[in-house]
Every structure is written in structure tokens, then in C-alpha cells.
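The block underneath contains the structure these notes are about, expressed in C-alpha cells.
As a basis for the values below, the full set of heavy atoms in this structure was taken, side chains included, without hydrogen atoms, waters or symmetry mates.
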Amino acid sequence: MIAGLNTCTFPACVQSKHSLVSSLNYIDKINPYAGYNFGVIQIDDELRNEKLRSLIYKLAKAVDDNSEIEVKRLKAEYGNTKEFALAKTFLDRKCKEIWNIFDNKKTKLSLPVKAMKTLGISNQPSLDFLFEDSLKYFEKENSTTTVDIIKSILNNVNSEYTMDDILKYLKSNHEKCIFEYNQHTVKFLAQSLKYNKNKLSALGVSKSQINEIFKALSVSEKIKCILYYYL
């Protein structure tokens with residue numbers, strides 16, 4: 001068992017996994033020899049090391065309590081150890097699992113934000129994680145996946161990303177690996193940026209792509225496009 005963690009019955013564990021400590025209790029309950037497979041569940045290998053398990057628990061409790069002071073104290077004591085770096089990585093991954101923003105799109109989560117920021121962990125998935133497969137594969141298939149992902153992020157009350165964040169990511173990603181956006185994505189980006197030529201060019205949208213979108217616009221949309229893009 002993880003040192004300092006209380007045991008709980010299986011149903012209670014299932015019902016109370018929405019904190020770091022209760023998540024560790026759950027793992028410990030279903031398999032005290034963490035690090036092995038338990039049915040279809042892959043138990044975290046980090047929990048096999050007793051010293052690391054103990055530190056993970058201490059940090060998890062400090063985060064759950066939203067105690068910046070305790071997190072800072074633990075950082076001062078263990079910050080230069082390899083266990084601290086491993087514990088931080090482990091808890092960052094757990095935050096993303098326990099407080100998954102896409103499991104809670106409409107209801108605002110109550111999170112220990114101050115302690116999480118002090119430790120340097122977050123429940124926010126990276127934009128690379130969210131967009132990589134879509135940009136790599138689905139753009140070629142003329143899918144709406146990229147647009148759907150953007151809308152899902154912006155409409156999610158627990159997402160911290162803004163449209164500016166997304167545009168910066170798309171620009172950076174396009175500079176690193178050149179590819180062509182499909183027409184669904186181009187149309188959405190053009191509308192979002194009010195057909196701003198410079199901003200669209202920076203994202204890798206070509207003039208020929210804008211011309212294709214232009215042909216399908218209504219008269220009022222074409223006027224906007226002319227005003228914003230061509231003038």
C-alpha cells in the first residue's frame with residue numbers, strides 16, 4: 001500500500017477518484033503491487049518504487065489541499081532529486097486523466113489551480129496532442145475534423161485555450177511541417193480571421209485556396225472578403 005494512504009472499499013474508490021489522492025487509493029486498492037497489468041488496466045510503473053510512491057502521495061495531498069506552501073516546501077526538500085521529476089511527470093499525467101476537460105465540457109471543474117501551477121502541472125492537454133493526428137492525416141481526407149476540434153476547444157468551459165493560442169499553434173506547426181489545409185479548414189480560418197490576407201498567409205493558406213472559397217461565398221460574404229482580403 002502507498003505509505004500514508006487510507007484503504008477504501010472498491011465501490012467507494014470508484015465513486016471518489018476525482019482527486020489525486022483518491023486516484024492513488026484506487027490504484028493501490030485494485031493492485032497493491034503497482035507496476036503490473038491488472039486485467040485491461042495498466043498500473044503505473046512509478047508506483048513500484050516505495051520512495052517515489054511516498055513522494056507522489058505527499059505531493060498529491062498538497063495539490064488536493066491546494067496548498068502552495070506545502071508544494072513549495074516539498075520542492076525545496078526534494079526538488080533536485082530524480083524522484084521529484086518523476087513524481088511531477090506522473091501527477092501531471094494523472095491531472096489530465098482525473099480532470100479530463102473533454103469529460104466535462106459544460107460544467108466548470110473546481111480545481112486546485114494554485115497548487116497545480118506552483119508544482120508546474122496541469123489538466124490541460126497540449127495542442128500538439130489535440131491536433132497532431134488531425135493535421136497529419138485528416139486534412140488530406142478533406143475532413144472537418146480540425147474545425148470540429150477547434151470548435152470543441154473553444155466551446156469547452158474547462159479549456160484554457162483561446163483562438164489566439166490555436167492560431168499561434170497552427171502557425172508554428174505549419175512552419176515545422178509544411179502541409180496544405182483542406183477547404184473546410186481554410187473556410188473556417190478565413191471567416192475567423194475576417195479574410196485578413198497577412199494572417200492567413202502566415203498560417204500557410206494560399207491565395208488560390210482563398211479564391212476557391214471566394215467562389216462559394218454569398219454576395220454579402222464576398223463583399224466582406226473583398227474588403228478584408230483584397231484591399
Hey, which of V147, T145, T146 is the one that makes side chain to side chain contact (heavy atoms under 4.5 Å, CB included) with S143?
-> T145
Where do T185 and L135 land on the side chain to side chain contact (heavy atoms under 4.5 Å, CB included) test, with the steps shown first?
-> CA-CA 10 Å; T185 305; L135 296 176; 6.0 Å; no
Who pairs with E212 by salt bridge (Lys or Arg N to Asp or Glu O under 4.0 Å), at least two apart in sequence or on another chain?
-> K215
Might you confirm whether atom CG of L154 has over 12 heavy atoms from other residues, nucleotides or ligands at distances under 6.0 Å?
-> yes
Please confirm whether the backbone N or O of E50 pairs with a side-chain atom of S54, one donor and one acceptor, at under 3.5 Å?
-> no
Answer yes or no: is there a donor N or O on one side and an acceptor on the other, between the side chain of E160 and the main chain of Q124, under 3.5 Å?
-> no
Are the side chain of D64 and the backbone of V21 linked by a donor-acceptor contact shorter than 3.5 Å?
-> yes
Transitive ILVMFWY side-chain link V157 to L130, under 4.5 Å | no
Listed partners of S152 passing side chain to side chain donor-acceptor pair (under 3.5 Å), at least two apart | none
Hey, are the side chains of I98 and L20 touching, using non-hydrogen atoms and a 4.5 Å cut-off?
-> yes
One should read off an interatomic distance between S159 OG and I101 CD1, to the nearest 0.5 angstrom, of 4.5 Å
Can you establish whether the number of heavy atoms outside K106 located under 6.0 Å from its atom NZ is more than 12?
-> no
Only pairs at least two apart or in different chains count here, so list each ring-ring contact (aromatic ring centres under 6.0 Å, His included) that has a residue in residues 134-154.
-> none
Are D92 and K88 close enough for a salt bridge, meaning some N to O gap below 4.0 Å?
-> no
Can you list the residues that meet the ring-ring contact (aromatic ring centres under 6.0 Å, His included) rule with H174, with sequence neighbours excluded?
-> F179, Y181
Could you check K51, E83, K58 and say which one makes a side chain to side chain donor-acceptor pair (under 3.5 Å) with Y78?
-> K58
Side-chain contact, heavy-atom cut-off 4.5 Å: L167 with L189?
-> yes
Please report the C-alpha distance between M116 and V71 in whole Å, then the side-chain angles of each, then the deciding distance to 0.1 Å, and finally whether the side chain to side chain contact (heavy atoms under 4.5 Å, CB included) criterion is met.
-> CA-CA 9 Å; M116 288 166 67; V71 171; over 6 Å; no
Do any pairs count as a ring-ring contact (aromatic ring centres under 6.0 Å, His included) and have a residue in residues 99-120, sequence neighbours left out, and if so which ones?
-> none
For N158, does its backbone N or O pair with a side-chain atom of N104 as donor and acceptor, under 3.5 Å?
-> no
Under 3.5 Å, side chain of N66 to main-chain N/O of A115, donor-acceptor pair present?
-> yes
Residues two or more places apart in sequence or in another chain: which of them pass ring-ring contact (aromatic ring centres under 6.0 Å, His included) with Y169?
-> F131
Between D65 and K61, is there a salt bridge with N-O shorter than 4.0 Å?
-> yes
Look at atom CG of N80 and say whether more than 12 heavy atoms of other residues, nucleotides or ligands are closer to it than 6.0 Å.
-> no
Donor-acceptor pair between D165 and T162 side chains, under 3.5 angstrom | yes
Are N142 and H184 close enough that some pair of their side-chain heavy atoms sits under 4.5 Å apart?
-> yes
Give a yes or no answer on whether the side chain of K96 reaches the backbone of S122 with a donor-acceptor pair at less than 3.5 Å.
-> yes
